[in-house]
**Q** 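Have a look at this one before I ask anything.
Only heavy atoms go into these numbers, but all of them, side chains included; no hydrogens, no water, no symmetry mates. Residue numbers count from 1 along this sequence. This is a predicted model, so every value here is computed, not measured.
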Amino acid sequence: MKFIGIIPARYASSRFPGKPLAVLGGQPVIQRVYEQVCKALDTVYVATDDKRIFDCVKSFGGNAVMTSKDHRTGTDRIEEAVEKIAGEWDVVINIQGDEPFIHKSQIISLCNCFDDPATQIATLGKPFTSMDAVENTNSPKVVLSNQNFAMYFSRSIIPYVRNEEKSTWIEHYPFLKHLGIYAYRRTVLKEITQLPMSSLEKAESLEQLRWLQNGYRIKVAITNIETVGIDTPDDLKRAELFLKEKE
C-alpha cells in the first residue's frame with residue numbers, strides 16, 4: 001500500500017498565534033513534527049494557509065503545499081492538499097502540526113490497521129493512568145469493540161462504572177485516551193469531507209463523531225507512548241522540559 005503523511009499547519013490560532021513557527025530546542029515546531037514523521041513515511045507534506053509557514057518548511061528542505069484559509073477542519077485542509085499533490089495514495093495520514101514528539105512506532109501502528117480490509121479510518125488510543133486524567137474534559141475518551149473498532153468518543157467519562165466509588169473506577173475498567181492522529185483510505189477521506197456536521201459532533205465538539213454517526217468504521221491502535229501536544233505558550237515551556245529530559 002502507498003501511504004502519504006500530511007501535516008496541517010495554520011498560523012492563526014486563537015490560543016497560540018504562529019504556533020508552527022515557535023522555536024522548540026532551537027528548531028521550529030513544524031520542523032520537529034516533519035522530521036519525526038519522515039522517520040516512518042517516505043512521502044510527507046505540510047499543508048498550510050500561510051506563506052510564512054510554507055517558506056519555513058521549504059527552508060529546511062521539506063515539502064509544503066498552500067491551501068485555502070477557509071477550511072473548517074484539518075481534515076478538509078488535508079483533502080485539498082492531497083488533490084494538489086501529484087501521485088496516487090491508498091492511505092492518507094493526518095499528523096497534527098503541534099505534535100513534535102509523535103513517535104515512529106505510532107505512525108507504523110496506524111499503517112498496520114489497514115491490513116484489516118474492514119478499516120476505513122484509523123486512530124490511536126492510550127491507556128489512562130489516573131482518574132484525574134480520565135476526568136479531564138480536554139482528553140477525549142474512546143470505547144472499543146472486541147475487534148478494536150471505536151464504538152464512541154466522548155469528553156465525558158465513558159463507560160460509567162456502576163456500584164464503585166468514582167475515585168476507584170480506573171481500577172475496574174481500562175479507560176482509553178484518544179490521541180488525535182488519523183489515517184484514512186483515500187476514497188474515505190474524500191467522502192467524509194463532504195458530510196455535514198452531525199448532531200453528536202456539535203454536542204461534543206469532536207469531529208470523529210461525524211464519521212461514526214455516518215457509519216464509518218474507525219480502527220483504534222493502542223500505544224503506550226505519551227505525546228506532548230502544544231496548544232499554548234505554557235505547553236511550549238513544558239515541551240522544552242520534556243525535550244531536555246529526552247536528551
**Q** Could you check Gln31 against Cys56 for side-chain contact (heavy atoms from CB on, under 4.5 Å), going step by step and ending with a plain yes or no?
**A** CA-CA 8 Å; Gln31 181 175 354; Cys56 174; 5.8 Å; no

**Q** In terms of hydrophobic clusters joined by side-chain contacts under 4.5 Å, are Ile30 and Ile78 together?
**A**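 In one cluster with Ile30: Ile78, no.
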
**Q** Out of curiosity, Arg155 CZ to Thr137 OG1, how far, rounded to the nearest 0.5 Å?
**A**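 The OG1 atom of Thr137 is 7.0 Å from CZ of Arg155, to the nearest 0.5 Å.
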
**Q** Hydrophobic cluster membership, with links at side-chain heavy-atom distances under 4.5 Å among I/L/V/M/F/W/Y: are Ile192 and Val91 in one?
**A** no

**Q** Is Leu41 reachable from Phe114 through a run of I, L, V, M, F, W or Y residues, each pair having side-chain heavy atoms under 4.5 Å apart?
**A**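 Yes, one cluster joins them.
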
**Q** Compare every heavy atom of His178 with every heavy atom of Thr123, then report the nearest pair and how far apart it is.
**A**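 Smallest interatomic distance, heavy atoms only, reads OG1-NE2, 2.7 Å.
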
**Q** Once you round to the nearest 0.5 Å, how far does CG of Asp50 lie from OG1 of Thr67?
**A**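 The CG atom of Asp50 sits 10.0 Å away from the OG1 atom of Thr67.
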
**Q** Please step through side-chain contact (heavy atoms from CB on, under 4.5 Å) for the pair Lys190 and Val82, ending with a clear verdict.
**A** CA-CA 10 Å; Lys190 195 172 189 68; Val82 177; over 6 Å; no

**Q** Evaluate salt bridge (Lys or Arg N to Asp or Glu O under 4.0 Å) for Asp235 paired with Arg238, printing each intermediate quantity in order.
**A** CA-CA 5 Å; Asp235 290 338; Arg238 283 191 286 272; 2.3 Å; yes

**Q** Which atom pair, heavy atoms only, marks the closest approach of Ala9 to Ile53?
**A**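 Taking every non-hydrogen atom into account, O-CD1, 3.7 Å.
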
**Q** Check whether any side-chain heavy atom of Tyr11 lies under 4.5 Å from a side-chain heavy atom of Leu21, and answer yes or no.
**A**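 Sidechains of Leu21 and Tyr11: in contact.
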
**Q** When you compare the side chain of Thr48 with that of Val57, does any pair of heavy atoms fall below 4.5 Å?
**A** no

**Q** Can you name the closest pair of heavy atoms from His103 and Gln36 and give their distance?
**A** CA-NE2, 4.5 Å

**Q** Surrounding CD of Glu165 (heavy atoms of other residues, nucleotides or ligands, distance under 6.0 Å), is the total greater than 12?
**A**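 Check fails, neighbour count at 12 or below.
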
**Q** Working to the nearest 0.5 angstrom, can you tell me the gap between Phe3 CZ and Thr43 OG1?
**A**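 Here the interatomic distance stands at 11.5 Å.
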
**Q** Any donor and acceptor pair, going by atom type alone, linking the side chain of Arg185 with main-chain N or O of Thr119 inside 3.5 Å?
**A**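 Yes, the answer is positive, given that a donor and an acceptor are paired below the 3.5 Å cut-off.
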
**Q** Return the minimal non-hydrogen interatomic distance between Phe175 and Val161, and the atom names on each side.
**A** CZ-CG2, 3.9 Å

**Q** Taking Glu164 for the side chain and Trp169 for the main chain, is one N or O donor matched with an acceptor at less than 3.5 Å?
**A** no

**Q** Hey, what do you get for CG (Leu176) to CZ (Phe128), rounding to the nearest 0.5 Å?
**A** 7.5 Å

**Q** When clusters are formed by joining ILVMFWY residues with side-chain heavy atoms under 4.5 Å apart, either directly or through shared neighbours, do Phe60 and Val46 land in the same one?
**A** yes

**Q** What closest approach, in Å, do Lys141 and Ile158 show between heavy atoms, and which atom pair accounts for it?
**A** CB-CG1, 3.8 Å

**Q** Between Leu195 and Gln213, is any pair of side-chain heavy atoms under 4.5 Å apart?
**A** no

**Q** A side-chain contact here means heavy atoms from C-beta on lying under 4.5 Å apart; do Asp116 and Lys219 qualify?
**A** yes

**Q** Are any side-chain N or O atoms of Thr168 and backbone N or O atoms of Glu171, one a donor and one an acceptor, separated by less than 3.5 Å?
**A** no

**Q** If you compare all heavy atoms of Ile222 against all heavy atoms of Pro127, which two are closest, and at what distance to 0.1 Å?
**A** CG2-CD, 4.1 Å

**Q** So does Met197 get a backbone contact from the side chain of Lys202, meaning a donor-acceptor N/O pair under 3.5 Å?
**A** no

**Q** Keeping the roles fixed (side chain from Ser139, backbone from Glu135), state whether a donor-acceptor pair exists under 3.5 Å.
**A**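 Answer holds: no.
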
**Q** Is it the case that the side chain of Asn63 and the backbone of Val44 share a donor-acceptor pair, with hydrogens and angles ignored and the cut-off at 3.5 Å?
**A** yes

**Q** Do other residues, nucleotides or ligands put more than 12 heavy atoms under 6.0 Å from Asp42 CG?
**A** no

**Q** I'd like to check Tyr173 versus Val134 (side-chain heavy atoms, cut-off strictly below 4.5 Å). Are they in contact?
**A**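 Tyr173 does not reach Val134 side chain to side chain.
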
**Q** Quick one: sort the Tyr184 and Trp211 rings into parallel, tilted or perpendicular, breaks at 30° and 60°.
**A** perpendicular

**Q** Contact between Asn214 and Arg210 at the side-chain level, heavy atoms closer than 4.5 Å - yes or no?
**A** yes

**Q** Rounded to the nearest 0.5 Å, what separation is found between the CG atom of Asp90 and the OG1 atom of Thr187?
**A**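 Reported value, rounded in 0.5 Å steps: 9.5 Å.
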
**Q** Show your working on salt bridge (Lys or Arg N to Asp or Glu O under 4.0 Å) between Glu79 and Arg186 and close with a plain yes or no.
**A** CA-CA 9 Å; Glu79 168 60 23; Arg186 177 67 189 95; 2.9 Å; yes

**Q** Could you walk me through whether Leu110 and Tyr182 satisfy the side-chain contact (heavy atoms from CB on, under 4.5 Å) test, starting with their C-alpha distance in whole Å, then the side-chain angles of each, then the deciding distance to 0.1 Å, before giving a yes or no?
**A** CA-CA 8 Å; Leu110 279 182; Tyr182 299 99; over 6 Å; no

**Q** Is a side-chain donor or acceptor of Gln106 paired with a backbone partner of Leu124 at a separation under 3.5 angstrom?
**A**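 No: the side chain of Gln106 does not pair with the backbone of Leu124.
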
**Q** Taking atom NZ of Lys104 as the centre, report whether more than 12 heavy atoms of other residues, nucleotides or ligands fall under 6.0 Å from it.
**A**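 Count not over threshold, so no.
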
**Q** Is a donor on one side and an acceptor on the other found under 3.5 Å between the side chain of Gln120 and the backbone of Val188?
**A**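 No; judged by distance alone, with no hydrogens or angles, the pair does not exist.
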
**Q** Could you tell me whether Lys2 and Glu88 make a salt bridge, using a distance below 4.0 angstrom between a side-chain N and a carboxylate O?
**A** no

**Q** Evaluate the side-chain proximity of Tyr152 to Leu206: yes if any heavy-atom separation is below 4.5 Å, no if none is.
**A**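 Side chain of Leu206 against side chain of Tyr152, heavy atoms only: no contact under 4.5 Å found.
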
**Q** I'd like to know if Arg72 and Glu207 make a salt bridge, using a cut-off of under 4.0 Å between side-chain N and carboxylate O.
**A** no

**Q** Under a 4.5 Å side-chain heavy-atom rule over Ile, Leu, Val, Met, Phe, Trp and Tyr, are Phe101 and Ile95 clustered together?
**A** yes

**Q** Would you mind reporting whether Tyr45 and Lys84 have side-chain heavy atoms less than 4.5 Å apart?
**A** no

**Q** Show the numbers, then the answer: is there a side-chain contact (heavy atoms from CB on, under 4.5 Å) between Cys111 and Ile93?
**A** CA-CA 8 Å; Cys111 294; Ile93 301 179; 3.5 Å; yes

**Q** As an exercise, state the distance from CG of Asn148 to CD1 of Ile218, rounded to the nearest 0.5 Å.
**A**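 One finds 13.0 Å between CG of Asn148 and CD1 of Ile218.
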
**Q** Could you walk me through whether Glu191 and Tyr216 pass the side chain to side chain donor-acceptor pair (under 3.5 Å) check?
**A** CA-CA 10 Å; Glu191 291 170 5; Tyr216 287 92; 2.7 Å; yes

